[in-house]
Amino acid sequence: MLEKNSLILFFTSYANNVWKRLGTKDFVLSTSMYNHRELEKKWQAYWGKQQTYKTLDPDQWHGENKKFYGLVEFPYPSGHGLHVGHIRSYTAMDIITRKKRMDGYHVLFPIGFDAFGLPAENYAIKTKTPPAVTTRENIANFTRQLQSIGIGFDWDRAVETTDPAYYKWTQWIFLELFKKGMAYKASIPINWCINCKIGLANEEVVNGRCERCGGPVEKRMKSQWMLKITAYADRLLNDLESTDYLEKIKTQQREWIGKSEGVNYKQRVKGTDIVLESYDSVPQTFMAQTFAVISPEHPFLPRLIAGLPEEQAVLEFVEKFKRRKIEQGFEIDKEIEGIFTGRFLDNPFGTGDLPIWAASFVVADYGTGFVNCSAHDERDFAFAKKYGIPLKVAMLPKDPEEAQKVKDLEYCYHHDPEGVLLYPEEFKGRTWADARDDIIHYIKEKGFGYPSTNYKLRDWVFSRQRYWGEPIPLVKCTHCAVTKGGEKLTLSFYDQGGWEAIKQERKTIETRALNPEEPERYFDNVKAGDIIHAINKETQEVLAFEVETVFHFQNLSELFDRKDLLPQICSKDIPQTLNEFEKSYEYSSDYVERINRHGLVAWKWKLQSVYVPLSLEQLPLELPKVEHYEPTDSGESPLASVTDWVKTTCPDCGHEAIRETDTMPNWAGSSWYFLRYIDPRNDQVFAGFEKLKYWMPVDWYNGGMEHTTLHLLYSRFWNKFLADYGYVPTSEPYQKRTSHGMILGEGGEKMSKSKGNVVNPDDIVEQYGADTLRLYEMFMGPFDQAIPWDPKGLEGCSRFLTKLLKMQEEKVRSGYQDDRSVLRLLHKTIRKITQDIDSMGFNTAVSSAMIFLNEALKAEAVSLLAFEKFLTVLSPFIPHLAEELWEKTGHSTSIFQETWPAFDAELAKDEEIELVVQISGKVRGRLLVSPAITKEEALTLAYQNKDVKKWLEGKTVRQEIFVPGKIVNIVAN
RNA sequence: GCCGUUGUGGUGAAACCGGUAGACACGCGGGACUUAAAAUCCCGUUCCUUCGGGAGUGUGGGUUCGAGUCCCACCAACGGCACCA
């Protein structure tokens, strides 16, 4: 012992520097330091043992009847460990929820891990380590780190998306979506990353490159599971009104949904039977249209140009376009290029035939992929100028000079609400903004087109051909499902009657009038063995059925003669006369007429289920072990090679069947995790309804700006879907959403391993302690803004804690009568911190605490009562030290069981204020006065002031302004 | 190009509804304690200055008794979207 002491004395001169490096600062040298490592461990153990942060179920809560559900985005447990950015967000919500607890709320503040996804899988490919193993290790590490910074999570409720007990319900929700027709399989052009061999959602493609590997992306046709999020587009848009998201987050959501209203025109291509539709969101100037443009990727384009002299040139252009699109990573907006197709549009507006061009600037998958163009659109204008296509104006500015310029086509004049229309005749003189609705009506009345709405939002590509994700719990049955190819025709049903008939197989004969103009729609090429899909347009439910026999009839009379078929066609009474029979076919005015002109097809069918869902008892469908984690070159999931897993029996018929081998995207598990926290161990349902009713919606959700479009949209969609079927109580999951700013590296750049500027929170906790780290992250700058990391900043926060300790040891006296000024500042501080926590002004809350501490240390002493109040409002920021000091001041229970201190407005009031005297807006003097001083009194005092007298010498007073409590301004010259 | 955010000392930043610009913290300079260093404490720290004062919140205008804050035009940085007809 003696030896050790002398050693310390001997080495004190540089010990501080040395032990910081060696990390051996595990003894207390003086009162000005504290052993954060031991102290923090002590309180973390205490909280664990006392279950300080355990959230009781509603029926066990006996406190006040008010709840608060605070949510933070659960982390992806990467191998790099916790990022200091996580700590910023988690500490903020930790502070908010601790305060809510102290305000008497029943608080839910949970955490979990979103652990499916590419990094673990890519690591597995590289090292052959099963993702389950790395994930387990990473979760253990993250858990340790999160606990080491003292975030008050209820660890009993922790969830992991990779846990079969969790993804059982992710699979269940998917099956619900499937059963309700919200999941469907479609062959679509998907974004295919050549490097990763994986299909990407639109949102994972950044500037034409893969978001993850940065490699090139190409379009490939692939059969994918899709979720019909577009069916919820309007509600996802409109319901934003009822939420309290930051305005910029709402804007992002709105723009991603991208609702646009306008009209569709239906127009015949001259000399063909092709009818093309175009979408126009600015129909006011439709009379200006002088040409049309079709997307090079439009499916009708080859038919359009077939046999024309231009055909070869156009096909070459299309080829060149597609190649360039891949090579240049979609950066094709530099120069717009096009080619005349040789076709003309038979313009129904009577303004002449419009030449049809194919051009790079029209995208295939928005609207109809075909556009009518005019001088009143910037891109159209530029294109026409480049290729010398005639233009015509249909709207002019009010200013005559400008109008002349527009007439001369000097620039593109567009989207001016005050623009005056020239055509059509009926609208001459009306303004662009005012005429819009009437023009749309006019276009509809004239039969030129009909109102239509478009969204940028696309259906959600929900399948991945990857290993590390939730298996899609469907079985492809070879017995009760037919999987032959052939074009799948679609039969839609608006009416519930027809739909029910199909579902119950009441009718086994379907008939359709033929129409050579639209062969696809009217089934004149239907063959036995075809799979036809019927879609209920109301519910979006899809059923498949196989065509058994096909019958063709010239007219209704021929069909009426097949008396053997009639009972299967007519659901009610069988008509006795042809006349009666015809009547039953009068869906629309010309339907019978069309049948008698072109004929009619009828076919016998049987209902099919191509994909059969597993039953609840069969869930979870666990991921099997595999040998290789690489996706195959053909793009199939590695699961496809696990033959004994793929081979199974059909849950419906029991015959041999094959499993779906696609897995879900990593968005799946995070789309409902906030629901699972509420009832995390329930094995009967994903969460009990009564508990959901108590806790939902989430009162406050904080996360990164990078998740404010997709994750937010997807999870809102799932929640709405579940709400529609009565599984969750609220249609919107999150009442309030805020976002934290990123923490950047020291140089102001994003932290990344390659730049070597990553800060490891473990190092900071080791050196300074968790409380210092927390305090610094809250103090470093405005919460919603990106801030570079500054190691020096930690010092100031560390000093603050040392001073706080010093205050407790040297200044706190029980029963001391506090100085009036200290008491006043205390209550001002309580008020400031209370308000700042609610508005996320953490940086100014910390600064006000610093101000108080600085002042209090100057006082002779501070009462125990005052110190306790100060410590209480500070405790959410620095929970460990707060508990320690609370204990030191004689308490045996946790500080977090205290009530949040109320501030006394009377005590916080100033007795004397500094009133600034300005002469003509310049500060010339100051007066110490009562806050209640009147204008007259203040002016009298001001005029007595010698500086003021000096400045007013030889001047005439023009005006006297008095702002109570602030300023006196004497205007003189 | 469009949308959003932000421009204030050497640095991170404060500044409520238009009312003392630069709180708080870092850094730096000086001092105290010490043989010395670290730690700690105290003083100073926007710039210019003839020590009276003057200028100053990205730039240029405007409104006002008074503008970092409001209005107009512009510039720059960051983030998001990007041929959406």
Side-chain angles (χ1 to χ4, degrees), chain A residues 12-18 20 29-33 203 206-208 247-249 251-252 254-256 258 260 262 278-283 293 295 330-334 336 359-363 365-374 376-380 382-383 414 454-456 705-706 708-709 741-742 744 748 776 779-782 784-797 799-800 802-803 806 835 841 843-844 846-851 854 857 914-923 925-926 950 958-972:
Chain A
T12 37
S13 59
Y14 54 87
N16 238 334
N17 280 338
V18 172
K20 267 185 189 170
L29 190 70
S30 78
T31 54
S32 62
M33 294 171 181
E203 41 277 23
V206 178
N207 290 330
E247 203 46 50
K248 62 176 173 181
I249 297 175
T251 306
Q252 277 201 8
R254 284 190 196 110
E255 286 186 353
W256 196 266
S260 157
S278 67
Y279 173 67
D280 184 359
S281 73
V282 193
V293 175
S295 166
F330 294 87
E331 281 175 22
I332 48 173
D333 53 341
K334 301 281 181 281
I336 45 174
S360 56
F361 71 95
V362 171
V363 288
D365 59 350
Y366 179 78
T368 57
F370 180 65
V371 193
N372 281 28
C373 300
S374 79
H376 298 292
D377 178 280
E378 280 194 304
R379 288 152 312 185
D380 300 352
F383 185 74
H414 66 122
N454 276 288
Y455 299 88
K456 289 187 200 171
M705 213 49 204
E706 67 273 21
T708 47
T709 38
M742 251 191 300
L744 307 169
Y776 169 64
F779 180 62
M780 66 195 304
D784 59 348
Q785 257 157 61
I787 305 278
W789 180 265
D790 176 14
K792 289 278 172 48
L794 282 159
E795 296 286 350
C797 293
R799 272 174 218 159
F800 171 77
T802 314
K803 282 197 261 182
K806 190 171 150 193
Q835 289 167 354
N843 54 332
T844 48
V846 174
S847 115
S848 73
M850 287 172 169
I851 293 171
N854 288 345
L857 280 171
E914 198 179 63
L915 194 70
V916 168
V917 184
Q918 294 185 336
I919 311 291
S920 304
K922 298 242 181 250
V923 180
R926 291 152 210 272
K950 196 178 74 193
R958 304 287 175 194
Q959 199 178 348
E960 291 163 340
I961 288 144
F962 174 67
V963 182
K966 295 258 156 88
I967 226 161
V968 173
N969 189 7
I970 300 165
V971 185

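Keep in mind the model is a prediction, meaning the values are calculated, not measured.
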Please report the interatomic distance NZ(A:Lys803) to CZ(A:Arg799), rounded to the nearest 0.5 Å. 8.5 Å

Could you tell me whether the side chain of A:Phe800 reaches within less than 4.5 Å of the side chain of A:Tyr776, counting heavy atoms only? no

OP1 or OP2 of B:rA85 versus the side-chain N and O atoms of A:Tyr366: is any pair under 4.0 Å? yes

Would B:rG54 be called syn or anti, given that syn covers angles within 90° of 0? anti

Please check if the side chain of A:Asn969 supplies one atom and the backbone of A:Gly921 the other of a donor-acceptor pair under 3.5 Å. yes

So which one's nearest nucleotide on RNA chain B is more toward 5', A:Val846 or A:Ala786? A:Ala786

Going by ring-ring contact (aromatic ring centres under 6.0 Å, His included), name the residues that satisfy it together with A:Phe962, two or more places apart in sequence or in a different chain. none

Given B:rC65, B:rA13, B:rC83, which nucleotide is nearest the side-chain atoms of A:Gln959? B:rC65

Write down the distance separating the C1' atoms in B:rU49 and B:rG53, rounded off to the nearest Å. 8 Å

Using the test side chain to side chain contact (heavy atoms under 4.5 Å, CB included), find all partners of A:Glu378 that sit at least two apart in sequence or belong to another chain. A:Cys412, A:His414

Value in whole Å for how far the P atom of B:rA85 lies from NE2 of A:His414: 12 Å

What integer number of Å spans the C1' atoms of B:rG62 and B:rA67? 11 Å

Using the C1' atom on both, measure B:rC16 against B:rU11 and round to a whole Å. 26 Å

Tell me what A:Val282 touches on the nucleic acid: a base, only sugar-phosphate, or nothing, going by heavy atoms under 4.0 Å. sugar-phosphate

Quantified in whole Å, what is the P atom distance between nucleotide B:rG4 and nucleotide B:rC70? 15 Å

Mind checking whether A:Val916 and A:Val923 have side chains closer than 4.5 Å, heavy atoms only? yes

Separation of B:rA82 atom C1' from A:Gln252 atom CD, nearest Å, is 14 Å

Output yes when at least one side-chain N/O atom of A:Ser260 is less than 4.0 Å from OP1 or OP2 of B:rA85, else no. yes

Could you measure between the two P atoms, the one in B:rG9 and the one in B:rA14, and give it in whole Å? 14 Å

Closest non-hydrogen atom pair, A:Tyr279 against A:Gly367: CB-CA, 4.4 Å

Which stems does RNA chain B form, counting runs of 3 or more consecutive Watson-Crick or G-U wobble pairs with both distances under 3.5 Å? B:1-7 with B:75-81, B:10-12 with B:24-26, B:27-32 with B:40-45, B:46-48 with B:53-55, B:58-62 with B:70-74

Taking the nucleotide of RNA chain B with the nearest heavy atom to each, does A:Met850 or A:Met705 sit closer to the 5' end? A:Met850

Please state the P separation for the pair B:rU69 and B:rG79 - nearest whole angstrom. 26 Å

Protein and nucleotides 2-5 of chain B: nitrogen or oxygen contacts under 3.5 angstrom:
none

Over all heavy atoms of both residues, which pair between A:Thr368 and A:Ser278 is shortest? Give the atoms and the distance, please. OG1-CA, 3.2 Å

In whole Å, what is the span from the CG atom of A:Asp365 to the P atom of B:rA85? 13 Å

With rounding to the closest Å, how many angstrom separate the C1' atoms on B:rA32 and B:rA23? 27 Å

Taking atom P of B:rA25 as reference, at what distance in whole Å does atom CG of A:Asp790 sit? 15 Å

Work out how far the C1' atom of B:rC2 is from that of B:rC47, and round it to whole angstrom. 40 Å

Is there a donor-acceptor pair under 3.5 Å between the side chain of A:Ser920 and the backbone N or O of A:Ala972? yes

Below 3.5 Å between N/O atoms, which protein atoms pair up with nucleotides 18-23 of chain B? Just atom names and distances, please.
residue: B:rG19; atom: N2; partner: A:Asn969; partner atom: ND2; Å: 3.4
residue: B:rU20; atom: O2; partner: A:Arg926; partner atom: NH1; Å: 2.2
residue: B:rU20; atom: N3; partner: A:Glu914; partner atom: OE1; Å: 2.9
residue: B:rU20; atom: O4; partner: A:Glu914; partner atom: OE1; Å: 3.2

Return the minimal non-hydrogen interatomic distance between A:Pro782 and A:Ile787, and the atom names on each side. CD-CD1, 3.9 Å

From B:rA14, B:rC41, B:rA85, nucleotide with atom closest to A:Tyr279 side chain: B:rA85

Output the rounded distance in Å from CD1 (A:Ile970) to P (B:rC65). 16 Å

Base, sugar-phosphate, or nothing: which does A:Asp784 touch, judged by heavy atoms less than 4.0 Å apart? nothing

How many Å lie between CD on A:Glu960 and C1' on B:rG66, as a whole number? 16 Å

Contact under 4.0 Å: A:Arg799 side-chain N or O vs B:rC26 OP1/OP2: yes

Listed partners of A:Ala359 passing side chain to side chain contact (heavy atoms under 4.5 Å, CB included), at least two apart: A:Val293, A:Phe361, A:Phe383

Quick one: closest heavy-atom pair of A:Met705 and A:Ile249, and the distance? CE-CG1, 3.9 Å

Assigned chi class of B:rG52 under the 90° convention is syn

How many angstroms lie between CZ in A:Arg926 and CD in A:Gln918, if you round to the nearest 0.5 Å? 10.0 Å

Between A:Val282 and A:His376, is there a side-chain heavy-atom distance shorter than 4.5 Å? no

Which label fits B:rC17, syn or anti, where anti is any glycosidic angle not within 90° of 0? syn

What is the distance, to the nearest angstrom, from the OH atom on A:Tyr776 to the P atom on B:rC24? 19 Å

Measure the distance from CG on A:Asn454 to P on B:rC83 and round it to the nearest whole Å. 15 Å

